Participant: 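Before anything else, here's the structure in question.
Note that the structure is predicted; figures quoted are calculated from it, not measured.
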Amino acid sequence: MAQDLESSMYFSEFPDDVQLNILSFLRPIEISAFACTCRRFAALCSPSSPSTDLWLALCERRWGSKTELRRWSAIPSPRLYKTLDRWEQLIGFWRRIGSGIPGTPPLVFFEWSPSCIIGSRISPSSFAASYAVRKVPFLWLGLSAGGETLSYLHPDNPLSDSDVIPVTISFMGCNHFVVEETRSFCVDPNMDDSEEVLGVEAGSPPDRVMSEIYQYFANRTSPGAEKSLRRQRKKKEKERLGRRRWEAEHFVKISNYFPTPARPLQGLWKGISEDMSLEFYLVTHDDVGGIACRRVGDSAEPFSGYSPVFWTSNTTFLESPFSKEEHAIYSMMEHIGSVGSVHCTMYREFVSRILCINCSYDLVLPDLAGSSGDPRNVEGRIWEYEDGTFGFGFLRNNFIIDLKHIALDGYILDNVESSHPSHHVL
């Protein structure tokens, strides 16, 4: 043992690449504490040191497989790490809340791209009785060459610089954020001609900012143009503030949008309803041990933004072999839109388990509950298929709505068309 102690190595004796690999497992607060131990380690952890790749190693370990970090910033730094750490909570599905523009899809999906994070609106495609969806990018978050955070959107098509709207992303906790139009110039309408304030916020695209700054200083060099410029600027700013190009939107996070082995029905699904249109369904486990399914629709339409479909406190599945009664119930049901292995002809080949449900919603509007009859006491079934999908139906209408995944492994499935490029280079 004494011989082993004599041959032990100190951390400072490890090669630089080994040191960086070890430190890349630490958190920034732990890196800061480590840097205080000595001058050499302070230099090793310094983001301004040209010889260190520590912050690149930290970022690569967390996000290297998801995005191209060199396209975000030429020199990775604590600022890049902090920005990506904050924005990472956006990845996944969000649902718009409150009244929005009629017809605007309520679902938003955020994903990594090589140089930014893209938020896309998810909506059913125009094809009848199809599981295809449209993914239309509308919100971009990234960094400028100087390291400033940029967030802007483009609600229309085609993409042009004049239509880009700088926005501010404000988080309210971890599960709620607001997108608001950024006010690039702050002008007090009561100030006189001798006062002027020019405030450029970081949310503006760099080319637009530079153009405005260039025009501002170029006009100031013209004799006698200063006073007229101030008047024009005040007038234009009042007109711009009077007509907002885009109203603020609120979004809440859809947690657990994918199933787990313990909760195979949980998640965000898509299914073809009785009118042959594609609907989005959110299945969750509540605090009292029940399973609830709600339809995620356009919140601008009354009672359709988050309408209930079924709820059950029974979570015990019937396992195969099934009784003759269950075979008879399934055989008399009609699939509205089949998915995956549902096309199999033999019952035993794709139904793995059955869950009996009995809806008990007391405040459901009858005309929004489909043709299931009385929504307060409706017997139904959930059929779980071998491919991981499932279908549900009520015994009073003899229909099965088969549900399919919207996303898998961080990618939107069945994306057939897009009105915008797949990513935007910042």
Participant: Please report the interatomic distance CG(Leu318) to CD1(Ile382), rounded to the nearest 0.5 Å.
Facilitator: 11.5 Å
Participant: Step by step, work out the side chain to side chain contact (heavy atoms under 4.5 Å, CB included) result for Leu84 and Leu69.
Facilitator: CA-CA 10 Å; Leu84 296 183; Leu69 294 169; 3.7 Å; yes
Participant: Go through the steps for Arg96 and Val108 under the test side chain to side chain contact (heavy atoms under 4.5 Å, CB included), then give the verdict.
Facilitator: CA-CA 8 Å; Arg96 191 188 68 238; Val108 170; 5.9 Å; no
Participant: Hey, can you tell me if Phe394 and Phe310 have their rings parallel, tilted or perpendicular (30° and 60° cut-offs)?
Facilitator: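 Correct class here is perpendicular.
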Participant: Verify, without hydrogens or angle tests, whether Glu326 (side chain) and Ser323 (backbone) share a donor-acceptor contact under 3.5 angstrom.
Facilitator: no
Participant: Take Leu355 and Glu384 through the side chain to side chain contact (heavy atoms under 4.5 Å, CB included) test and state the conclusion after the steps.
Facilitator: CA-CA 8 Å; Leu355 180 65; Glu384 183 182 345; over 6 Å; no
Participant: With a 4.0 Å cut-off, would you call Lys270 and Glu279 a salt bridge?
Facilitator: no
Participant: Write down the atom of Tyr257, the atom of Gly92, and the distance for their closest heavy-atom approach.
Facilitator: CE2-CA, 4.0 Å
Participant: Of all the heavy-atom pairs spanning Ile329 and Met332, show the shortest one and how long it is.
Facilitator: O-CG, 3.2 Å
Participant: Between Trp72 and Leu141, which heavy-atom pair has the shortest distance, and what is it?
Facilitator: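 Trp72 and Leu141 have their closest heavy atoms at CH2-O, 3.8 Å.
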Participant: Between Thr389 (side chain) and Lys404 (backbone), is there a donor-acceptor pair under 3.5 Å?
Facilitator: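 Checking the backbone N and O of Lys404 against the side chain of Thr389, no donor-acceptor pair under 3.5 Å is found.
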Participant: Ser170 and Glu180: which non-hydrogen atoms are nearest, and at how many Å?
Facilitator: OG-OE1, 4.0 Å
Participant: For Tyr81, give me all partners under side-chain hydrogen bond (donor to acceptor under 3.5 Å, both in side chains), at least two apart in sequence or on another chain.
Facilitator: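 So Tyr81 forms a side-chain hydrogen bond (donor to acceptor under 3.5 Å, both in side chains) with Arg62.
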Participant: Just verifying a value: how many Å separate Thr284 OG1 and Trp311 CH2, rounded to the nearest 0.5 Å?
Facilitator: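 The CH2 atom of Trp311 is 11.5 Å from OG1 of Thr284, to the nearest 0.5 Å.
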Participant: Only counting residues at least two apart or in another chain, list the ones meeting ring-ring contact (aromatic ring centres under 6.0 Å, His included) with Phe34.
Facilitator: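 By the ring-ring contact (aromatic ring centres under 6.0 Å, His included) rule, Phe34 matches Phe11, Phe41.
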Participant: Can you sort out the partners of His285 under ring-ring contact (aromatic ring centres under 6.0 Å, His included), two or more places apart, ordered by chain and number?
Facilitator: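 If we apply the ring-ring contact (aromatic ring centres under 6.0 Å, His included) test to His285, skipping adjacent residues, there are no hits.
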Participant: Identify, with sequence neighbours excluded, every residue that meets ring-ring contact (aromatic ring centres under 6.0 Å, His included) alongside Phe280.
Facilitator: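 Scan of Phe280 (ring-ring contact (aromatic ring centres under 6.0 Å, His included), adjacent residues dropped) gives none.
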Participant: Please evaluate residues Leu139 and Leu153 with respect to the criterion side chain to side chain contact (heavy atoms under 4.5 Å, CB included), reporting the C-alpha separation (whole Å), side-chain torsions for both, the decisive distance (0.1 Å), and the verdict.
Facilitator: CA-CA 4 Å; Leu139 181 61; Leu153 59 85; 4.0 Å; yes
Participant: Could you check whether Ser277 and Asp275, counting side-chain N and O atoms only, form a donor-acceptor pair closer than 3.5 Å?
Facilitator: yes
Participant: Look at the side chain of Glu386 and the backbone N and O of Ser352, then say whether any donor-acceptor pair between them is shorter than 3.5 Å.
Facilitator: no
Participant: Roughly how far apart are Ile354 CD1 and Thr316 OG1, rounded to 0.5 Å?
Facilitator: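 Here the rounded value is 14.0 Å.
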Participant: Using ring centroids (six-membered ring only for Trp), state whether Phe110 and Trp87 fall under 6.0 Å.
Facilitator: no
Participant: Mind checking the CZ-CZ spacing from Arg95 to Arg294? Nearest 0.5 Å is all I need.
Facilitator: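 One finds 9.0 Å between CZ of Arg95 and CZ of Arg294.
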Participant: Specify whether Phe390 and Trp269 have parallel, tilted or perpendicular ring planes, treating 30° as the upper limit for parallel and 60° as the lower limit for perpendicular.
Facilitator: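 Ring orientation, 0 to 90° scale: perpendicular.
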Participant: Taking the side chain as C-beta and beyond, is there a heavy-atom pair between Phe109 and Ile254 under 4.5 Å?
Facilitator: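 No, their side chains stay 4.5 Å or more apart.
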Participant: Please work out whether the ring planes of Tyr330 and Phe350 are parallel, tilted or perpendicular, with thresholds of 30° and 60°.
Facilitator: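 Plane angle between 30° and 60°, so tilted.
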Participant: Who pairs with His405 by side-chain hydrogen bond (donor to acceptor under 3.5 Å, both in side chains), at least two apart in sequence or on another chain?
Facilitator: none
Participant: Does Ile91 offer a backbone N or O that forms a donor-acceptor pair with the side chain of Lys253 under 3.5 Å?
Facilitator: yes
Participant: Would you indicate whether the side-chain heavy atoms of Asp402 and Trp383 approach each other to under 4.5 Å?
Facilitator: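 No, their side chains stay 4.5 Å or more apart.
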Participant: Look at the side chain of Glu88 and the backbone N and O of Asp85, then say whether any donor-acceptor pair between them is shorter than 3.5 Å.
Facilitator: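 Checking the backbone N and O of Asp85 against the side chain of Glu88, no donor-acceptor pair under 3.5 Å is found.
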Participant: Tell me if a side-chain donor or acceptor on Ser151 pairs with a main-chain N or O of Val167 at a distance below 3.5 Å.
Facilitator: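 Looks like yes, one N/O pair under 3.5 Å.
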Participant: Do Ser113 side-chain atoms and Ile118 backbone N/O form a donor-acceptor pair below 3.5 Å?
Facilitator: no
Participant: Might you point out which heavy atoms bring Ile412 and Ala407 nearest each other, and give the distance in Å?
Facilitator: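 For Ile412 versus Ala407, the nearest heavy atoms are CD1-CB, 4.2 Å.
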Participant: I'd like to check the ring-ring contact (aromatic ring centres under 6.0 Å, His included) partners of Phe258; sequence neighbours left out, ordered by chain and number.
Facilitator: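 Once residues adjacent in sequence are excluded, Phe258 has no partner under the ring-ring contact (aromatic ring centres under 6.0 Å, His included) criterion.
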Participant: Would you name the heavy atoms of Ser123 and Pro105 that are closest together and state the gap between them?
Facilitator: CB-CG, 3.6 Å
